[in-house]
Student: 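What follows is a single structure, and I will ask about it in a moment.
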Amino acid sequence: MKKKFAFLSAALLSVGMLLGACGGSDNAGGDEDFKTDLQMGTGSTGGTYYPLGQEMANVMNDNVDFEDFNVSAVASGASVENLGGIYQGTMQLGMTVHIPALEALNGEADFEGAAVENFGFMGHIYPEVMQVVTTENTGITSIADLEGKRVAIGPAGSGTQAAAKLILSAYGLEDGDYQAFEEGFGDAAARLQDGQLDASFGLLGLPASNIEELAFQRDVVLLPVEGEALQTILDNSDYGHLEIPADTYEFLEGPVDAITAYAILVGSTNQISEDLGYEIVKGLYENVDSISHPQGVHLDPENILNGSDGLPFHPGAEKYFKEQGIIN
C-alpha cells in the first residue's frame, strides 16, 4: 500500500475541501460546457513547467485550427493545483507529473475521498528527475544530513513537494525535522546562492538551467537518493530509478542516483470537446520543432504515450492516437 503525503498549502486548504467546494462550480465533474478560450496551468515561474508551458501555448495558438481558439499558459502551484483547477472548471489544460494524476483519478493521497474524473491524458511532455541540490560549503553530503537544515521542498500542490516529502520520509525525516520552505526552484536557487538555504529539491528536466546557473556562482553538490531509502521509494510509489549521467553537469565527478517520473499534459473532458482536443494534440505534437526550450525535444510523437499507463485518454487525444496508428 502506497504511503500518503499531504502537501497542500493553507491557500488550497486541502484537495478534499477544494474539490468539495465544487458545488459552486457548474462544470466540476458535471454537464459539458465546452470552451475555446482555455487556461493551461503550468508551475512556478522559476521552474521548468512555466517557460516550457508558455512555448507549448504559443505552438497551440499558432497551429490549432479551431474557431475562436486561444490558450493562455498561467503560473500555478503545478500538478495538484492544475488537476484541482480542471475539476473546478477554472482550468481546462494542465501540466502534471503522472503520479499525482493517477492519485487524482483514484481518489488517493492528497485527493483522498475526492476523486477527479473529468480529465484525460493528452500526451507526454518530458521525463522529470528529482535533483536534490546543496553547496559544498554547507558540508552536507547526504539527504540524512538535512535534519535541522533549511530546505526548499517546492511549492504546495507541486509534484516536487510530494516527491521531496517522500524522499525525506524514506530517510527518516518527517515534518518538523527540518525547516521547510515552500517555493519554486528558481527562488530556491537564488537563496542557495545567498546562503539563505541549505538545500533544495527540484523535480526538473536534465539538465536544469537553474542548476547550471548556480554552478557558475557556487560549488554545487547533487545529493543521491540511494540504498535502502531508494528501495523504499521504489517499493511504495510509482517513481522509477534513474542515474543522472556524469556528463549532465560539468561539476559532476560521477553519476548520481535519483528518482524519476513523467510530466504529462491533461485536459478537461467536460470543457474541451473531442474535436478541439483532437486539434490541440495534432497542432502541438506535429509542430514541436518550433519549441526552443531544452525539454522540448522530449515532446517527440514517438514518446507521446509515456506516462499514460492507468490514465484515461481525452476523447480527442484518443482519436488522434488511433488515426496515427499509435494505439489500436
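Count residues from 1 along the sequence.
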Student: Enumerate, atom names and distances included, each donor-acceptor pair closer than 3.5 Å involving a side-chain atom of residues 144-152, sequence neighbours excluded.
Tutor:
{"unit_1": "Asp145", "atom_1": "OD2", "unit_2": "Thr141", "atom_2": "N", "d": "3.0"}
{"unit_1": "Asp145", "atom_1": "OD2", "unit_2": "Thr141", "atom_2": "OG1", "d": "3.3"}
{"unit_1": "Asp145", "atom_1": "OD2", "unit_2": "Ser142", "atom_2": "N", "d": "3.1"}
{"unit_1": "Arg150", "atom_1": "NE", "unit_2": "Asp198", "atom_2": "OD2", "d": "3.1"}
{"unit_1": "Arg150", "atom_1": "NH1", "unit_2": "Gly195", "atom_2": "O", "d": "3.3"}
{"unit_1": "Arg150", "atom_1": "NH1", "unit_2": "Gln196", "atom_2": "O", "d": "3.4"}
{"unit_1": "Arg150", "atom_1": "NH2", "unit_2": "Gly195", "atom_2": "O", "d": "3.1"}
{"unit_1": "Arg150", "atom_1": "NH2", "unit_2": "Asp198", "atom_2": "OD1", "d": "3.1"}

Student: Who pairs with Arg218 by salt bridge (charged side-chain N to carboxylate O under 4.0 Å, His left out), at least two apart in sequence or on another chain?
Tutor: none

Student: Return a table of donor-acceptor pairs under 3.5 angstrom between the side chains of residues 68-79 and protein atoms on other chains or two or more places apart.
Tutor:
{"unit_1": "Asn70", "atom_1": "ND2", "unit_2": "Asp37", "atom_2": "OD1", "d": "3.4"}
{"unit_1": "Ser76", "atom_1": "OG", "unit_2": "Thr42", "atom_2": "O", "d": "3.2"}
{"unit_1": "Ser76", "atom_1": "OG", "unit_2": "Ala78", "atom_2": "N", "d": "3.0"}
{"unit_1": "Ser76", "atom_1": "OG", "unit_2": "Asn82", "atom_2": "OD1", "d": "2.7"}
{"unit_1": "Ser79", "atom_1": "OG", "unit_2": "Thr96", "atom_2": "OG1", "d": "3.4"}
{"unit_1": "Ser79", "atom_1": "OG", "unit_2": "Val97", "atom_2": "N", "d": "3.0"}

Student: Donor-acceptor pairs under 3.5 angstrom involving side-chain atoms of residues 274-284: please list them, not counting sequence neighbours.
Tutor:
{"unit_1": "Tyr278", "atom_1": "OH", "unit_2": "Glu323", "atom_2": "OE1", "d": "2.8"}
{"unit_1": "Tyr278", "atom_1": "OH", "unit_2": "Glu323", "atom_2": "OE2", "d": "2.6"}
{"unit_1": "Lys282", "atom_1": "NZ", "unit_2": "Glu286", "atom_2": "OE1", "d": "3.3"}

Student: Suppose we screen for side chain to side chain contact (heavy atoms under 4.5 Å, CB included). Which residues come up paired with Asp309, at least two apart in sequence or across chains?
Tutor: none

Student: If you look only at distance, which donor and acceptor atoms sit under 3.5 Å apart when one is on a side chain in residues 256-263 and the other is two or more places apart or in another chain?
Tutor:
{"unit_1": "Asp257", "atom_1": "OD1", "unit_2": "His241", "atom_2": "NE2", "d": "2.7"}
{"unit_1": "Thr260", "atom_1": "OG1", "unit_2": "Glu128", "atom_2": "O", "d": "2.7"}

Student: Can you run down the side chain to side chain donor-acceptor pair (under 3.5 Å) pairs that involve residues 51-62, sequence neighbours left out, and say none if there aren't any?
Tutor: Tyr50-Gln54, Glu55-Ser292

Student: Does Asn63 have any side chain to side chain contact (heavy atoms under 4.5 Å, CB included) partners at least two apart in sequence or in another chain, and if so, which?
Tutor: Val59, Asn287

Student: Is there a side-chain contact between Val129 and Leu204, using heavy atoms and a 4.5 Å cut-off?
Tutor: no

Student: Side chains of Ser169 and Glu174: do they bring a donor and an acceptor to under 3.5 Å?
Tutor: yes

Student: So, Gln92 and Gln271: side-chain donor and acceptor under 3.5 Å apart, yes or no?
Tutor: yes

Student: Tell me, please, which residues at least two apart from Pro294 pass side chain to side chain contact (heavy atoms under 4.5 Å, CB included).
Tutor: none

Student: Give me the other members of the hydrophobic cluster that Phe216 sits in, counting Ile, Leu, Val, Met, Phe, Trp and Tyr linked by side-chain heavy atoms under 4.5 Å, directly or via other members.
Tutor: none

Student: Throw together a table of side-chain donor-acceptor distances under 3.5 angstrom for residues 225-234, partners on residues two or more places apart or in other chains.
Tutor:
{"unit_1": "Gln231", "atom_1": "NE2", "unit_2": "Asp235", "atom_2": "OD1", "d": "2.9"}
{"unit_1": "Thr232", "atom_1": "OG1", "unit_2": "Glu228", "atom_2": "O", "d": "2.9"}

Student: Donor-acceptor pairs are to be reported for all side-chain atoms of residues 247-254 against protein atoms at under 3.5 Å, with residues two or more places apart or in another chain.
Tutor:
{"unit_1": "Thr248", "atom_1": "OG1", "unit_2": "Pro245", "atom_2": "O", "d": "2.8"}
{"unit_1": "Tyr249", "atom_1": "OH", "unit_2": "Gln131", "atom_2": "OE1", "d": "2.5"}
{"unit_1": "Tyr249", "atom_1": "OH", "unit_2": "Ala208", "atom_2": "N", "d": "2.8"}

Student: Counting C-beta onward and ignoring hydrogens, is there a side-chain heavy-atom pair between Leu305 and His124 closer than 4.5 Å?
Tutor: no

